[in-house]
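This report refers to the structure that appears directly beneath it.
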Amino acid sequence: NLNYEGYYEKGLKTSLWKNYGTKGQLIAENHYEKGEITGFARYYHINGQLGAEGSYEKHLKTGLWKTYYDHGQLEIEEFYEKDSRIGIWK
């Protein structure tokens with residue numbers, strides 16, 4: 001079972017939400033406004049290492065996103081605009 005921690009306002013998710021795996025490990029942190037993921041987001045590997053981080057605007061990836069290997073080394077940096085990758089990735 002996944003466990004979630006966060007707040008609702010008028011029936012919609014708001015503020016920071018944390019998702020935990022079946023063993024209690026943190027697997028995701030997302031910021032919500034009026035039920036939509038907006039702002040920073042972080043996703044974690046099962047070993048607790050940061051897996052990916054970036055930002056959303058109304059559920060769509062935006063700006064710089066970084067993805068990491070499960071040992072912590074940076075794997076890729078990519079830019080998004082309205083959920084579409086743009087530019088050169090490294």
Side-chain angles (χ1 to χ4, degrees):
N1 288 346
L2 294 178
N3 293 305
Y4 302 91
E5 179 182 304
Y7 296 95
Y8 285 96
E9 186 175 307
K10 297 181 181 177
L12 300 173
K13 287 182 178 180
T14 188
S15 74
L16 176 65
W17 274 73
K18 295 182 179 184
N19 301 2
Y20 298 92
T22 56
K23 296 180 181 177
Q25 76 279 20
L26 181 63
I27 57 173
E29 297 176 294
N30 294 295
H31 190 269
Y32 284 82
E33 290 182 16
K34 297 180 182 175
E36 296 182 329
I37 298 174
T38 298
F40 79 91
R42 293 187 186 104
Y43 300 95
Y44 298 89
H45 292 287
I46 197 158
N47 68 1
Q49 287 283 342
L50 183 62
E53 63 182 342
S55 294
Y56 286 96
E57 187 173 325
K58 296 184 178 182
H59 281 297
L60 303 175
K61 285 183 177 182
T62 186
L64 176 64
W65 274 78
K66 296 180 181 182
T67 303
Y68 301 89
Y69 292 105
D70 62 0
H71 56 77
Q73 182 181 356
L74 180 64
E75 179 180 5
I76 191 168
E77 290 182 335
E78 49 198 353
F79 287 88
Y80 283 84
E81 186 175 306
K82 295 184 180 178
D83 225 27
S84 295
R85 286 192 290 192
I86 59 173
I88 299 172
W89 315 304
K90 44 180 174 168

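Numbering of residues begins at 1 and proceeds along the displayed sequence.
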request  = Determine, stepwise, if the pair Thr62 / Lys82 fulfils side-chain contact (heavy atoms from CB on, under 4.5 Å).
outcome  = CA-CA 6 Å; Thr62 186; Lys82 295 184 180 178; over 6 Å; no

query = Between the side chains of Tyr69 and Gln49, is a donor N or O closer than 3.5 angstrom to an acceptor N or O?
reply =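 Absent: no donor and acceptor within the cut-off.
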
task = Please determine, by modelled atom types, if Tyr56 and Asp83 share a side-chain donor-acceptor pair under 3.5 angstrom.
result =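 Checked: Tyr56/Asp83 side chains show no N/O donor-acceptor pair below 3.5 Å.
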
How long is the span from the [atom1] atom in [X] to the [atom2] atom in [Y], to the nearest 0.5 Å?
X: Gln73; Y: Thr67; atom1: CD; atom2: OG1; result: 13.0 Å
X: Arg42; Y: Tyr68; atom1: CZ; atom2: OH; result: 9.5 Å
X: Glu81; Y: Lys61; atom1: CD; atom2: NZ; result: 15.0 Å
X: Glu53; Y: Phe40; atom1: CD; atom2: CZ; result: 10.5 Å

ask   = Given the rule in the side-chain contact (heavy atoms from CB on, under 4.5 Å) test, do Leu16 and Tyr7 qualify, once you have shown the distances and angles that lead to the verdict?
value = CA-CA 8 Å; Leu16 176 65; Tyr7 296 95; over 6 Å; no

message = Which residues pass the side-chain contact (heavy atoms from CB on, under 4.5 Å) test with Glu9, not counting sequence neighbours?
response =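 Expected list: Thr14.
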
task = Go through the structure and list residues passing side-chain contact (heavy atoms from CB on, under 4.5 Å) with Glu36, not counting sequence neighbours.
result =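 By the side-chain contact (heavy atoms from CB on, under 4.5 Å) rule, Glu36 matches Thr38, Lys58, His59.
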
inquiry  = Starting from Tyr20, can I reach Leu50 by hopping between I/L/V/M/F/W/Y residues whose side chains sit under 4.5 Å apart?
reply    =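 Yes; tracing contacts between hydrophobic side chains, which count when under 4.5 Å, links both residues.
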
request  = State plainly whether one hydrophobic cluster holds both Tyr44 and Leu74, where clusters connect Ile, Leu, Val, Met, Phe, Trp and Tyr through side-chain heavy atoms under 4.5 angstrom apart.
outcome  =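 Yes; Leu74 is reachable from Tyr44 via cluster members.
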
query = More than 12 foreign heavy atoms under 6.0 Å from CD1 of Ile46: is that the case here?
reply =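 Counting neighbours around CD1 of Ile46, 12 or fewer heavy atoms of other residues, nucleotides or ligands fall under 6.0 Å, so no.
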
Below 4.5 Å, heavy atoms only, C-beta onward: do [X] and [Y] meet side chain to side chain?
X: Tyr43; Y: Asn30; answer: yes
X: His31; Y: Ile37; answer: no
X: Leu64; Y: Glu78; answer: no
X: Trp17; Y: Tyr8; answer: yes

key: Trp65 side chain to Ser55 backbone, donor-acceptor under 3.5 Å   =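 Yes: the side chain of Trp65 pairs with the backbone of Ser55.
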
request  = Could you tell me whether a side-chain N or O of Asn47 sits under 3.5 Å from a main-chain N or O of Asp70, the two making a donor and an acceptor?
outcome  =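 Flag set: sc Asn47 to bb Asp70 pair under 3.5 Å.
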
Lys13 to Tyr4, cation-pi by 6.0 Å centre distance and 45° axis angle =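 Judged by the rule, Lys13 and Tyr4 form a cation-pi pair.
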
